[in-house]
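Take a look at the structure below.
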Amino acid sequence: STISEPIITLMKSLLLSLLFTMICLSVQAQPEMPDHIRSILPEGTVVHENIPYADDDLDQHLLDIYLPADADSEIPLVVFVHGGGWISNDKYADMGYMTKTMADMLNNGFAIASIDYRFAFDAVFPLILQDCNQAVSYRLDKADTYDLDFDNVALMGFSAGGHLATLMGTSQNNAISQFYTDDSYRPFEYKGVVDFYGPIDLMLFPGNDNPESPEAILIGATPLSRPDLAKAASPLTYIDENDPPFIIIHGEKDDIVSNKQSKLLSSWLDIYDVENELIIVEDAPHFGEMFDADHVRKEVIDFLITHLKP
């Protein structure tokens with residue numbers, strides 16, 4: 001028997017619909033900025049969304065750049081590194097509770113580059129760090145395109161992003177080849193690091209013998225079983241007298257990342273005479289709007305003005 005013409009027509013229609021749906025799904029994968037973040041941007045802010053920084057089409061190899069309104073050329077840049085235990089979240093996550101700080105940064109003439117990176121499930125250390133460094137290298141290579149100041153770049157990170165930002169800041173002057181993709185190292189100096197409750201020593205985590213802990217996923221083994229990997233992935237390993245100034249903010253009641261981590265970072269920076277300020281936010285948990293409060297925000301903005309503006 002033969003298939004009737006109406007059935008053939010119907011099958012063709014279904015196949016075309018399926019193909020169209022697949023095409024739509026393939027092009028809508030790029031994340032969009034949440035409305036609650038877009039709504040707090042100062043009037044005139046210029047946003048360039050979902051810029052690819054690697055030679056691939058991965059959604060986690062994208063960054064956004066926010067340029068202040070009416071900015072002149074050579075705009076100082078703050079690179080925003082999100083948290084999420086190295087295994088979750090995206091480039092909008094921490095902005096959701098740091099809206100006033102973000103707006104103040106733009107109002108004070110700072111550009112913001114918020115980056116995504118592959119999670120440790122797919123990019124065990126140092127690959128996850130390579131992503132972050134590659135994003136910065138791309139931004140520096142394209143500095144003229146966006147009128148950015150190559151000589152005035154700072155880092156700001158939250159939790160796991162604080163760890164990555166601190167690691168980037170302390171290791172930059174060491175030029176460790178494993179921390180960069182091929183030919184992506186750029187010899188420049190960060191002018192400052194803003195570290196919100198980032199881990200400094202992986203061995204300090206209470207779950208350092210738990211293979212399912214985020215820190216074990218980060219390095220592909222428990223810190224206790226592979227202290228060499230834990231040391232290599234811990235920012236304290238790279239602290240020296242040539243590191244940039246730090247402002248370190250941590251919650252008094254953080255029960256996820258102990259504020260002893262930030263106290264240890266401050267102590268090591270003191271030993272090497274690296275300028276730093278430690279702020280323990282009273283009653284604050286691991287993250288949230290308490291870190292966007294007026295007194296914390298003022299300290300952060302003053303730090304950026306001091307170290308990023310000529």
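What's counted below: heavy atoms across the whole structure, side chains too, no hydrogens, waters or symmetry copies.
- Between the side chain of Asn133 and the backbone N or O of Phe179 there is at least one donor-acceptor pair closer than 3.5 Å.
- The pair Arg297-Asp294 meets the salt-bridge criterion, with a side-chain N (NZ, NE, NH1 or NH2) lying under 4.0 Å from an Asp/Glu carboxylate O.
- A cation-pi geometry, defined here as NZ or CZ lying under 6.0 Å from the six-membered ring centre and within 45° of its normal, does not hold between Lys91 and Tyr117.
- Checking side-chain atoms of Gln261 against main-chain N and O of Asp201 turns up a donor-acceptor pair under 3.5 Å.
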Next item on the list: Determine, stepwise, if the pair Tyr53 / Tyr138 fulfils ring-ring contact (aromatic ring centres under 6.0 Å, His included).
Entry: CA-CA 6 Å; Tyr53 64 79; Tyr138 176 87; 7.2 Å; no
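- In Glu289, the CD atom is not crowded: 12 or fewer heavy atoms of neighbouring residues, nucleotides or ligands sit closer than 6.0 Å.
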Could you go through residues 62-76 and list every donor-acceptor pair under 3.5 Å that involves a side-chain atom there, pairing it with any protein atom two or more places apart or in another chain?
from  : atom 1 : to    : atom 2 : distance (Å)
Asp64 : OD1    : Asn50 : N      : 2.7
Asp64 : OD2    : Tyr92 : OH     : 2.7

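- Salt bridge absent: Asp151 and Lys191 never bring a charged side-chain N and a carboxylate O closer than 4.0 Å.
- For the residue pair Asp243/Thr170, the side-chain donor-acceptor check at 3.5 Å is not satisfied.
- Formation of a donor-acceptor pair under 3.5 Å by the Ser266 side chain with backbone atoms of Ser262 is not found in this model.
- If you run side chain to side chain donor-acceptor pair (under 3.5 Å) between His61 and each of Asp131, Asp116, Asp55, only Asp131 comes through.
- Although no hydrogens or angles enter the test, the distance criterion places no donor-acceptor pair under 3.5 Å between the side chain of Asn208 and the main chain of Pro223.
- Ring planes of Tyr272 and Trp268: parallel class, angle under 30° (limits at 30 and 60°).
- For the pair Asp94 (side chain) and His82 (backbone), a donor-acceptor distance under 3.5 Å is absent.
- For the pair Gln130 (side chain) and Gln178 (backbone), a donor-acceptor distance under 3.5 Å is present.
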